[in-house]
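Okay, so here's the structure we're looking at.
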Amino acid sequence: DQQALLDAIPDLVFRFDREGKYLDYAGSSEELLVPAAEFIGRSVREVLPAELAGRVIHAIGEALRTGSLQELEYQMEVGASVRDFEARFSPIGADTVVSVCRDITDRRDAERARRAWTQEVQRREEAEKRAELESKIHKAGRLDALGRLTGGVAHDFNNLLGVIANYASVIRSSTTDESVLRDIGEIQEAVRKGSDLTTRLLQVGRNVTAEPREEVVGDVVAGICGVLERTGGDTSVGLRVDVRAPHAMARFDRSRLEQAVMNLVINARDASPASAEVLVTVDSEPGHPPSNTGEVRVSVCDSGPGIPEELRDQVMEPFFTTKSPGKGTGLGLSLIHI
């Protein structure tokens with residue numbers, strides 16, 4: 001019957017008069033905070049704490065005045081714990097209100113746990129972002145200092161190259177010996193390449209680039225790879241050039257491209273096992289016919305083990321290297337990454 005149904009629901013249902021007197025109740029008596037005999041026929045002011053009783057009286061009055069549902073949430077001590085409740089008040093006559101009270105402690109605990117977890121996630125994300133920003137600022141300051149140092153060294157080294165070039169010119173003008181002239185030519189070519197390198201170092205230090213010119217990309221790449229094949233030293237790692245776009249042109253800094261290819265090939269060779277191969281490919285990007293000036297892709301691939309995941313963020317840093325002392329400075333990739 002209806003009473004059995006009311007007794008089975010987990011909520012407590014109270015009926016109040018206009019003055020806030022308990023008329024009766026339905027629901028499990030185990031949920032009552034005080035025995036029924038102690039509040040039926042009594043006012044909420046006699047049963048509940050004063051602040052809560054005032055809120056209940058106000059909700060009853062508003063429900064009767066407006067004819068609409070009124071809600072309030074409150075806390076009460078139940079045994080040794082504090083529980084959360086919500087109560088809804090609805091008018092069922094001119095002077096009577098029914099109230100449904102529900103224990104929402106578990107729901108509130110879940111909401112608090114969710115908010116705490118969300119705040120913790122946000123705190124961790126903010127901490128990670130702050131750490132990343134601090135790392136970037138620290139890295140930028142370190143790179144700026146290294147750039148100034150690199151520029152100063154390059155300037156002094158360029159002066160030394162100038163002295164070597166002058167002496168080579170004097171010797172060339174004072175001899176007709178073909179073997180000596182060939183040697184002088186090699187010295188002057190080395191000076192030219194050294195000058196290009198110091199120019200690149202100065203550009204790194206001052207964060208500037210040379211004026212680009214329009215050239216055939218494949219010719220420049222094939223030329224520097226030819227030099228690398230002749231001067232590769234004692235290595236069993238092969239070098240192959242595949243120019244798929246022989247007529248493709250683009251505007252670029254020749255010395256920068258030569259330096260990039262040279263450094264990538266040397267790094268690939270050093271990291272590759274014996275009998276491996278380094279492949280340098282020149283190809284036009286999709287949508288850019290080889291006969292037109294446009295974007296051209298130069299790629300350097302090797303069959304080595306690759307860069308470990310934990311080192312990939314460091315390989316572009318100046319002086320970072322995995323080589324043993326005396327085997328390299330670590331400037332190879334940083335010089336081509338601006």
Side-chain angles (χ1 to χ4, degrees), residues 1-138 309 313:
D1 60 3
Q2 182 178 6
Q3 185 60 45
L5 178 63
L6 290 173
D7 290 340
I9 64 176
D11 302 326
L12 284 173
V13 181
F14 297 99
R15 193 161 59 90
F16 297 96
D17 67 8
R18 179 180 292 276
E19 303 301 324
K21 181 189 296 183
Y22 289 97
L23 300 178
D24 55 32
Y25 78 95
S28 173
S29 60
E30 296 179 357
E31 299 294 330
L32 294 176
L33 303 180
V34 294
E38 295 187 13
F39 67 85
I40 296 299
R42 301 174 64 187
S43 169
V44 294
R45 296 187 185 277
E46 301 176 72
V47 177
L48 301 178
E51 188 272 339
L52 177 57
R55 294 174 63 196
V56 171
I57 293 294
H58 177 75
I60 291 172
E62 286 297 297
L64 291 173
R65 184 181 68 81
T66 63
S68 60
L69 176 71
Q70 303 294 313
E71 299 180 348
L72 66 85
E73 294 184 1
Y74 59 95
Q75 290 184 325
M76 290 194 68
E77 291 187 6
V78 180
S81 63
V82 176
R83 309 287 294 180
D84 293 295
F85 296 88
E86 68 176 7
R88 298 182 178 185
F89 298 84
S90 298
I92 56 173
D95 296 299
T96 307
V97 169
V98 65
S99 171
V100 179
C101 301
R102 173 172 296 178
D103 188 333
I104 58 172
T105 304
D106 292 342
R107 189 178 76 193
R108 284 287 181 266
D109 288 344
E111 291 175 354
R112 294 186 189 105
R114 179 182 57 79
R115 286 197 299 269
W117 173 248
T118 300
Q119 292 171 355
E120 177 63 17
V121 170
Q122 292 174 344
R123 185 192 66 78
R124 292 182 182 181
E125 290 177 348
E126 291 173 358
E128 290 176 358
K129 290 179 180 178
R130 183 166 58 252
E132 182 181 359
L133 179 59
E134 290 174 352
S135 175
K136 288 181 178 179
I137 293 174
H138 177 70
E309 182 70 30
D313 291 338

Any non-hydrogen side-chain atom of [X] less than 4.5 Å from a side-chain atom of [Y]?
X: Tyr74; Y: Cys101; result: yes
X: Val97; Y: Gln70; result: no
X: Asp17; Y: Leu23; result: yes
X: Phe89; Y: Val56; result: yes

Can you tell me how far apart [atom1] ([X]) and [atom2] ([Y]) are? Round to the nearest 0.5 Å.
X: Ile104; Y: Phe85; atom1: CD1; atom2: CZ; value: 9.0 Å
X: Arg45; Y: Leu52; atom1: CZ; atom2: CG; value: 11.0 Å
X: Met76; Y: Ser81; atom1: CE; atom2: OG; value: 12.0 Å
X: Arg42; Y: Leu48; atom1: CZ; atom2: CG; value: 10.0 Å
X: Leu72; Y: Arg55; atom1: CG; atom2: CZ; value: 5.0 Å
X: Asp109; Y: Arg83; atom1: CG; atom2: CZ; value: 7.5 Å

Inset, instruction - Could you walk me through whether Glu62 and Arg65 pass the salt bridge (charged side-chain N to carboxylate O under 4.0 Å, His left out) test, one step at a time? - result: CA-CA 5 Å; Glu62 286 297 297; Arg65 184 181 68 81; 2.7 Å; yes
Please name the pair of heavy atoms, one in [X] and one in [Y], separated by the smallest distance, quoted to 0.1 Å.
X: Glu19; Y: Ser43; value: O-OG, 4.1 Å
X: Ser68; Y: Pro91; value: O-CD, 4.0 Å
X: Val44; Y: Ile57; value: CG2-CD1, 3.5 Å
X: Leu69; Y: Ser90; value: CD1-OG, 3.2 Å

Inset, instruction - Output all residues satisfying salt bridge (charged side-chain N to carboxylate O under 4.0 Å, His left out) with Asp24, sequence neighbours left out; order by chain, then residue number. - result: Arg15
Legend entry - Partner set under salt bridge (charged side-chain N to carboxylate O under 4.0 Å, His left out) for Arg130, not counting sequence neighbours: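 Counting only residues at least two positions away or on another chain, Arg130 forms no salt bridge (charged side-chain N to carboxylate O under 4.0 Å, His left out).
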Inset, instruction - Mark yes or no for whether Arg102, through its side chain, and Arg88, through its backbone, hold a donor-acceptor pair below 3.5 Å. - result: no
Legend entry - Sole candidate of Arg112, Arg108, Arg107 that passes side-chain hydrogen bond (donor to acceptor under 3.5 Å, both in side chains) when paired with Asp84: Arg112
Legend entry - Candidate list Glu125, Glu120, Gln119, test side-chain hydrogen bond (donor to acceptor under 3.5 Å, both in side chains), partner Arg123, passing option: Glu120
Inset, instruction - Can you label the angle between the Phe14 ring and the Tyr22 ring as parallel, tilted or perpendicular, going by 30° and 60°? - result: perpendicular
